[in-house]
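When a residue number appears, it is its place in the shown sequence, counting from 1. Below, each value reflects all heavy atoms present in this structure, side chains not excepted, and no hydrogens, waters or symmetry copies.
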Amino acid sequence: MKHALPALLSLFLVVFISGCTIPYFPTPAPATGNGVVIVDFEPELNTLYSEESTNFLVKIKNMGSFIADGEVRMDLGEWGEECMTRQTKEFTDLLAPDPERGTEGEERVFSWRCSAPGIEEGLHIPYNPRAVVKYAYKTITSQSVTLLPTAELIALRNSGNSLPSEMESASQSPVSIDVQVNAPIRLREDTNSVEFPVTIKVNNVGGGIVEGSIVRMDIDVEGLDVLHTQECYDNGEAMNLWRGTSQTITCKMSANNVPAMTQARIVVTAEYDYSVMATTHIEVIGDVGVDRLPF
């Protein structure tokens, strides 16, 4: 017993020291969201004198699932040629975050050099410039669906075994797609086939605008060529969102000659142009001399 105590004490010290010298800090996953966002939009100075110039800066970031191409525009009339003409600045290949590799989405900064309009002494005029980012994006949602003959469904229940779970996977995009189907789908005993409805809900969740309120839909099915679409939006057909916010459609699908339990997938893809905007504030003071600098 006398020898056991020092041994236990030594073991405790090793564990204690190891725990202190090799701490475990899990790496947080990169932030994701709903496509390209405006991280910041502001002037370098919040107050200017009449006809003084400053830079307006816009920072954007891709927080969705796909690479993005688009353009950034700033609207600020009466502020010199570069700003009055609503000059756009294009971006291409804005990288998306990669959660598996722990990388964040790419950021880019754009600037406009603008000159304040001439105003009379004694006036303080506020302005609210607007930055607009427009880009092309897409949404992909995959929903699994289990198909099985009646006899196999009965056998599974009698044996106490459970059916495979229905799984949905969706991209991080400003437009969401929800595929709803009442699975599992039981096939008719005489033909091993069935027709069934699928509901597809499309929603604008990115806080911006779907250009023209139009998304181009494509509905596909995968899984041993047993599942087929009927009376659905397909092949890039345009869908109009109600007031740019949402739309629900119901499709008819069929499964034919399914000999045994099968898991198929319904894959819905939507492509669209999307825009987000942000505003900032700046004030212009009438010319009172150059010996006083506003901040």
Side-chain angles (χ1 to χ4, degrees), residues 29-39 41 58-73 88 90-99 104-108 130-145 166-181 197-222 229 231-251 253 265-279:
T32 57
N34 297 315
V36 179
V37 300
I38 299 176
V39 177
F41 171 43
V58 178
K59 179 192 286 189
I60 67 172
K61 184 174 185 176
N62 190 349
M63 298 181 68
S65 296
F66 309 104
I67 293 175
D69 300 333
E71 63 183 30
V72 186
R73 186 185 78 240
T88 61
E90 296 183 350
F91 61 89
T92 58
D93 298 331
L94 188 68
L95 298 178
D98 190 336
E104 295 189 4
E106 185 179 4
E107 294 181 350
R108 292 189 193 170
R130 182 178 70 162
V132 180
V133 177
K134 179 180 177 180
Y135 62 100
Y137 222 64
K138 64 181 178 181
T139 303
I140 300 178
T141 294
S142 172
Q143 173 68 57
S144 67
V145 55
E166 311 296 337
M167 302 294 294
E168 183 179 56
S169 177
S171 62
Q172 295 285 341
S173 303
V175 172
S176 72
I177 296 175
D178 184 24
V179 179
Q180 299 178 349
V181 55
V198 175
T199 298
I200 299 172
K201 294 187 174 183
V202 182
N203 286 284
N204 179 2
V205 296
I209 296 172
V210 178
E211 295 290 328
S213 297
I214 292 176
V215 298
R216 295 168 294 280
M217 297 282 292
D218 185 79
I219 301 171
D220 196 11
V221 291
E222 299 177 4
T229 59
E231 303 173 15
C232 282
Y233 280 81
D234 208 351
N235 299 322
E237 187 175 351
M239 172 195 287
N240 289 284
L241 303 184
W242 173 252
R243 294 184 175 179
T245 59
S246 62
Q247 184 60 284
T248 299
I249 63 171
T250 299
C251 294
M253 294 193 174
R265 289 195 305 139
I266 302 169
V267 181
V268 182
T269 303
E271 296 182 343
Y272 43 86
D273 293 322
Y274 202 80
S275 62
V276 291
M277 67 177 183
T279 59

To check you understand the geometry: which heavy-atom pair defines the closest contact between Val276 and Gly206, and what is its length? CG1-O, 4.4 Å
Going from CD1 on Ile200 to CE on Met217, what distance comes out if it is rounded to the nearest 0.5 angstrom? 5.0 Å
Are any of the side-chain heavy atoms of Lys138 and Glu271 separated by less than 4.5 Å? yes
So, taking the atom named CG in Asp218 and the one named CD in Glu237, what distance separates them when rounded to the nearest 0.5 Å? 10.5 Å
Between the side chain of Thr139 and the main-chain N/O of Ser173, is any donor-acceptor distance below 3.5 Å? no
When you check the side-chain N and O atoms of Thr141 and Glu168, is any donor under 3.5 Å from an acceptor? no
With sequence neighbours excluded, tell me which residues meet salt bridge (charged side-chain N to carboxylate O under 4.0 Å, His left out) with Lys59. Glu107
Can you list the steps and then say if Asn203 with Lys201 is a side chain to side chain contact (heavy atoms under 4.5 Å, CB included)? CA-CA 7 Å; Asn203 286 284; Lys201 294 187 174 183; 4.3 Å; yes
Between Ala131 and Ile38 the two heavy atoms that sit nearest each other are O-CD1, 3.8 Å
Closest heavy-atom contact between Thr279 and Phe41? C-CD2, 3.8 Å
Kindly compute the distance separating CG (Leu94) from CD (Glu106), expressed to the nearest 0.5 Å. 5.0 Å
Expected output: side-chain Asn204 to main-chain Val175 donor-acceptor under 3.5 Å: no
Heavy atoms only: give me the nearest Tyr272-Ile214 pair and the separation to one decimal. CB-O, 3.7 Å
Residue set satisfying salt bridge (charged side-chain N to carboxylate O under 4.0 Å, His left out) with Arg216, at least two apart, ordered chain then number -> none
Do the side chains of Val215 and Val210 get nearer than 4.5 Å, heavy atoms only? yes
Using the rule given for salt bridge (Lys or Arg N to Asp or Glu O under 4.0 Å), can you reason through Glu71 versus Arg73, listing the C-alpha separation, both sets of side-chain angles and the distance that settles it, and then say yes or no? CA-CA 7 Å; Glu71 63 183 30; Arg73 186 185 78 240; 5.0 Å; no
Roughly how far apart are Ile67 CD1 and Leu95 CG, rounded to 0.5 Å? 5.5 Å
When rounded to the nearest 0.5 angstrom, what distance separates CD1 in Ile140 from OG in Ser171? 6.0 Å
Evaluate the side-chain proximity of Gln180 to Asp178: yes if any heavy-atom separation is below 4.5 Å, no if none is. yes
With sequence neighbours left out, write down each residue that passes side-chain contact (heavy atoms from CB on, under 4.5 Å) with Val181, or none if nothing qualifies. Gln143, Val145, Ile185, Phe196, Val198
What are the two closest heavy atoms between Gly64 and Pro97, and how far apart are they? O-CD, 3.1 Å
Determine all donor-acceptor pairs shorter than 3.5 Å in which one atom belongs to a side chain in residues 243-251; sequence neighbours excluded.
from, atom 1, to, atom 2, distance (Å)
Thr245, OG1, Trp242, O, 2.7
Gln247, NE2, Asn240, O, 3.3

Which atoms form the tightest heavy-atom contact between Gly207 and Tyr274, and what is the distance? N-OH, 3.4 Å
Student check: side-chain heavy atoms of Met253 and Ile266 closer than 4.5 Å: yes
Residues two or more places apart in sequence or in another chain: which of them pass ring pair (Phe, Tyr, Trp, His ring centres under 6.0 Å) with Tyr137? Phe66, Tyr135
Assess the residue pair Thr269 and Asp220 against the criterion (side chain to side chain contact (heavy atoms under 4.5 Å, CB included)); give the C-alpha distance rounded to whole Å, side-chain angles, the decisive distance to 0.1 Å, and a yes or no. CA-CA 8 Å; Thr269 303; Asp220 196 11; over 6 Å; no
In this structure, CZ of Arg108 is separated from CG of Asp93 (nearest 0.5 Å) by 7.0 Å
Partners passing side-chain contact (heavy atoms from CB on, under 4.5 Å) against Val37 (at least two apart in sequence or in another chain): Val39, Lys61, Met63
